[in-house]
Structures are given as C-alpha cells and as structure tokens.
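All values derive from a computational prediction rather than experimental measurement. Numbered from 1 within each chain, the chains take letters A, B, ... in sequence-line order.
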2 protein chains.
Amino acid sequence: MMSMTAEAVENARVEGMSRPPTAREKILDAYAALLRSDGERAATMDATAALAGVSKGGLLYHFPSKDALAEAVIERLLDAAQQDSERMEAAPEGAARYYVRTSTVEETEFDSFYQAVVRLAAGAHAPAVAALDQVHGDWERLVREDVADPHAAEAIMLIGEGLYYHSTMPGTWSRSLVGSDIGALLEQVDRLKEGH
Amino acid sequence: MMSMTAEAVENARVEGMSRPPTAREKILDAYAALLRSDGERAATMDATAALAGVSKGGLLYHFPSKDALAEAVIERLLDAAQQDSERMEAAPEGAARYYVRTSTVEETEFDSFYQAVVRLAAGAHAPAVAALDQVHGDWERLVREDVADPHAAEAIMLIGEGLYYHSTMPGTWSRSLVGSDIGALLEQVDRLKEGH
DNA sequence: GTCTATACTATGATAGAC
DNA sequence: GTCTATCATAGTATAGAC
C-alpha cells in the first residue's frame, strides 16, 4: 500500500478524517502539552520525546531544532485560528458573544495550541508574540464590527482576555471564575453591547 | 560607624527612607526584571548576577539557591499586595474602580513583582501559584463588597485580569489596548456596577 | 523513519581564597 | 561580603547504525 503524500495527510487532517496519529503529531502534541502544564522551562526536547514515546533522535528527525518545534506549534495555532475567525464572523449570536463564550477553556485543539503559544510568547519568543498579535487583531476587528460603542467593545475584549488569562494559569483561583456561570457573564456582555 | 541590623534595614524600607540599594536588592530587582522581560527560561542565575553587577558567587551568598530567589520575589509581592489591598479598601472611588484603574501597567514595584510572579506561576512554581491565588482572592473579596450584583463583579474582575494579561505580555497588540483611554473603560465599569 | 552513542554548551551549585 | 575556580548534571545538537 502506498503511503499518503504529506499533502494528502494535511488534507485529511483539515477535512477531519480520523486516522492513527503520526509520530510527528504525537511529538507536537506532547510539546504543546508540556508548555501548557509546566511552562517553557520544562518543555525540553528530552521531556517532549519521552512524553511522545519516541527517542530523542526520533524527535530530531521530525524537528531538527527546538525552534522548529516552536514554529510548528505556531503554525498549528494560526491554522486553527483562521477557522475560528470564520466561525466567529458567521456566528448568529454575534462576534462579541461568540468571543466571550469560547474564551473559557474547552479542551479544543485551538485552546491547547493557543495556551502553548502564550507560554512561548511569555518567554519573549518573537514569532510567538507576532502570532498572538495577529490572532488578537482578528478578534478585535470582528468584535468592533459587532459592537457599536468602541469603548464597550474594548471592555468586552478585556473580559475575554481575562477569561483566557485564567485559563492559561494554574491554581485554584482560576477554576472558580472559569467554572462560573457563562450565561450570566454573557448577559453582562449584552449590557455593555447595548450601551444603555 | 555601626552597620544597620537586618531589621533596621527592613524598617527603613517599609518607611520609605531612601538609601543606596544593597547588593541583595539589586540582585532581586535584576531577577524580577529578567523574569518580566525574557521569562523563566532566561532568568538564570548567571544572567541575574550579570545584570545586578555581581559575580555568581556574590549572588549565591545572598540567595543560596534559585528557589531562594523565587521565594524572595514572592515575599516582596505579598508585602506590596497587602499595602495595595489596604489602599483599595479605603479608596473613595470604590474598590471596583480602583482595581481596574490600577490594573494598567504602571512602573510600580507592585506591578514589577506581580509580573515576575506571574511568570514563575506560568512555570508551575507552586508557591508562586499560591501567592497569586491569595492576591486575587483579596481583590475579588473587595470588589464583591463594592459591587452589588455578583455577576457584574465577575465581569469587572475579568476586565482587570484582561488588562493585567495584556501588561504581562510582550508585543505591540498589548500596547494599543493598555494605552487606550482608561477613563472610558472606567465608565464601562460604572455601567456594569450600576446594573441598569 | 527511528534508534544509539556521543559531543558540546549552559546551568545550578560547591569550596575556598581574599 | 564578594570573588575565582571548579564540578555535576541537564539540554541541544550531530553522526551514523539499523
């Protein structure tokens, strides 16, 4: 049986067809998971290889340097972000509500890689910072289109950022807020948006 | 001339008397500055000693391990946070406004050490996580006392978190929001607080 | 495509001179 | 109280076997 070309694999991924994860994907997921749970310091190539279940050499075949790992994580985020922006723009509830509602942690691929890139950006990794700038710029643009008052739009943006900040932070404090009633929070968003 | 006891030095600091910074303080400030600007990975003992202008051995006299450095940063944060909570509770404008207004980056010692501890917490440093939990718990308590509607209080808390998230993140995106009109944002806070 | 073995460098920490 | 060695370990990366 012929193996799939890299392009065919990528298409399969985009189209959501399930298949056994490749070693490359296992490595990338492991690296992102370590960044999220333990930070940049703990996300070493050694730990990544161990978590992915491959040897260091195996990892280095797919990602010849640590920076290559970071670039791949960023690329995955930007792919997922584009799809998210499209959903946000088309959301019947409006971009503002969509944005805040989806800013609580869900165990989506998007959240997983967003949080990983936030950790990279916290280490002043320039491409990670640039990627976050781009993602946030898209969000801000869509929320501003949805909310007439720019100051209300800013407040709503900040509520979403606050939720994400919680989601990327360990500790019990973050749980209490994130676990709280999202419906009630969306009502606050409506209040700001309606600007009465 | 007799040198001051450690206690006398601490009293002088609390009372705000100016004096030449001790080597210990220079080291602590340097470590916090590195955490803020470049993250946990870059905040090595080597880099800290170089930035503080002392040798590695000199640093290790004051802080015998890296964890001792982290503990000292956390202690400084908790000291500053207690003073901040007292000001917040006594603020004529109310805790909610005070909280949001002071969540934008000012170059205060409090902000400096808050951001440093956020970076430590992002690396899953347990005492750092616990310290942030405590600080945020105080803030939340005071804002809830100030804002009748608990859901409005939550939205206001999140706005403040969002501002801090911006402040601790490098990149141009963060500048545009943080630099925006704080007065207009406080009006949004009033709208939420009044709950009409 | 994945592995082992190995080299090089950075990091955290110790010992002891001044 | 601050310095200069010095060391053990961990992290990044290379070379080459399978």
Side-chain angles (χ1 to χ4, degrees), chain A residues 1-10 19-35 37-73 119-120 123-125 127, chain B residues 1-10 19-32 34-35 37-73 119-120 123-125 127-128:
Chain A
M1 171 183 170
M2 272 181 64
S3 65
M4 296 169 87
T5 64
E7 190 178 354
V9 169
E10 175 59 18
R19 72 202 175 299
T22 64
R24 197 190 130 95
E25 283 173 324
K26 277 194 291 193
I27 292 166
L28 209 51
D29 287 342
Y31 179 61
L34 284 170
L35 278 174
S37 62
D38 298 325
E40 46 169 347
R41 198 115 205 279
T44 65
M45 302 183 88
D46 233 331
T48 300
L51 184 60
V54 299
S55 71
K56 224 196 272 202
L59 184 154
L60 282 159
Y61 169 76
H62 294 286
F63 303 98
S65 72
K66 211 176 175 205
D67 210 58
L69 263 175
E71 280 178 37
V73 165
R119 293 294 163 88
L120 287 175
H125 187 274
Chain B
M1 172 184 170
M2 270 182 67
S3 65
M4 295 168 88
T5 64
E7 190 178 355
V9 169
E10 175 59 18
R19 74 204 174 296
T22 64
R24 197 190 131 96
E25 283 174 324
K26 278 193 292 192
I27 292 166
L28 208 52
D29 287 342
Y31 179 61
L34 284 170
L35 278 174
S37 62
D38 298 326
E40 47 170 347
R41 199 113 206 278
T44 65
M45 301 183 89
D46 234 330
T48 299
L51 184 60
V54 299
S55 71
K56 222 198 265 204
L59 184 154
L60 283 158
Y61 169 76
H62 294 283
F63 302 98
S65 73
K66 214 179 172 205
D67 209 60
L69 262 176
E71 280 178 38
V73 165
R119 293 294 164 87
L120 288 174
H125 186 274

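- At whole-Å resolution of the value, NE2 in His62(A) and P in dA13(D) are 17 Å apart.
- Rounded to an integer number of Å, the gap from Met45(B) CE to dA10(D) C1' is 16 Å.
- Taken from CD in Glu25(A) to NE2 in His62(A), the straight-line distance is 10.5 Å, to the nearest 0.5 Å.
- Here Thr44(B) lies in heavy-atom contact (under 4.0 Å) with sugar-phosphate atoms only.
- Rounded to the nearest 0.5 angstrom, Leu34(B) CG and Arg119(B) CZ are separated by 11.5 Å.
- Among the nucleotides dA13(D), dT2(D), dC3(D), the one closest to any side-chain atom of Ala23(B) is dT2(D).
- Atom OH in Tyr31(B) sits roughly 13 Å away from atom P in dT11(C) (whole-Å rounding).
- The phosphate of dT12(D) (OP1 or OP2) has a side-chain N or O of Arg41(B) nearer than 4.0 angstrom.
- Considering all non-hydrogen atoms of both residues, Leu69(B) and Ile27(B) come closest at CD2-CG2, 4.0 Å.
- Residues Tyr31(A) and Met45(A) have side chains not in contact (no heavy-atom distance under 4.5 Å, counting atoms from C-beta outward).
- As rounded to whole Å, 8 Å separates atom P of dC3(C) from atom CD1 of Ile27(A).
- Closest approach of Asp67(A) and His125(A) over heavy atoms only: OD1-NE2, 3.1 Å.
- Closest-nucleotide positions on DNA chain D for Ala43(A) and Gly57(B) were compared, and the one nearer the 5' end corresponds to Gly57(B).
- Lys56(B) contributes a side-chain N or O that forms a donor-acceptor pair with the base of dG12(C) under 3.5 Å.
- Following rounding to the nearest Å, Glu40(A) (CD) and dG11(D) (P) show an atom-to-atom distance of 14 Å.
- Atom CG in Leu60(B) sits about 13 Å away from atom P in dT4(D), given to the nearest Å.
- One interatomic measurement links the two molecules: OH of Tyr61(A) to P of dA15(D), which rounds to 17 Å at whole-angstrom precision.
- One can place CG of Asp46(B) at 12 Å from P of dT4(D), the figure rounded to the nearest angstrom.
- Between dA13(C), dT4(C), dT12(D), one nucleotide has an atom nearer to the side chain of Lys66(B) than all others, and that is dA13(C).
- For the pair Val54(A) and Ala42(B), both in contact range of DNA chain C, the more 5′-proximal nearest nucleotide belongs to Val54(A).
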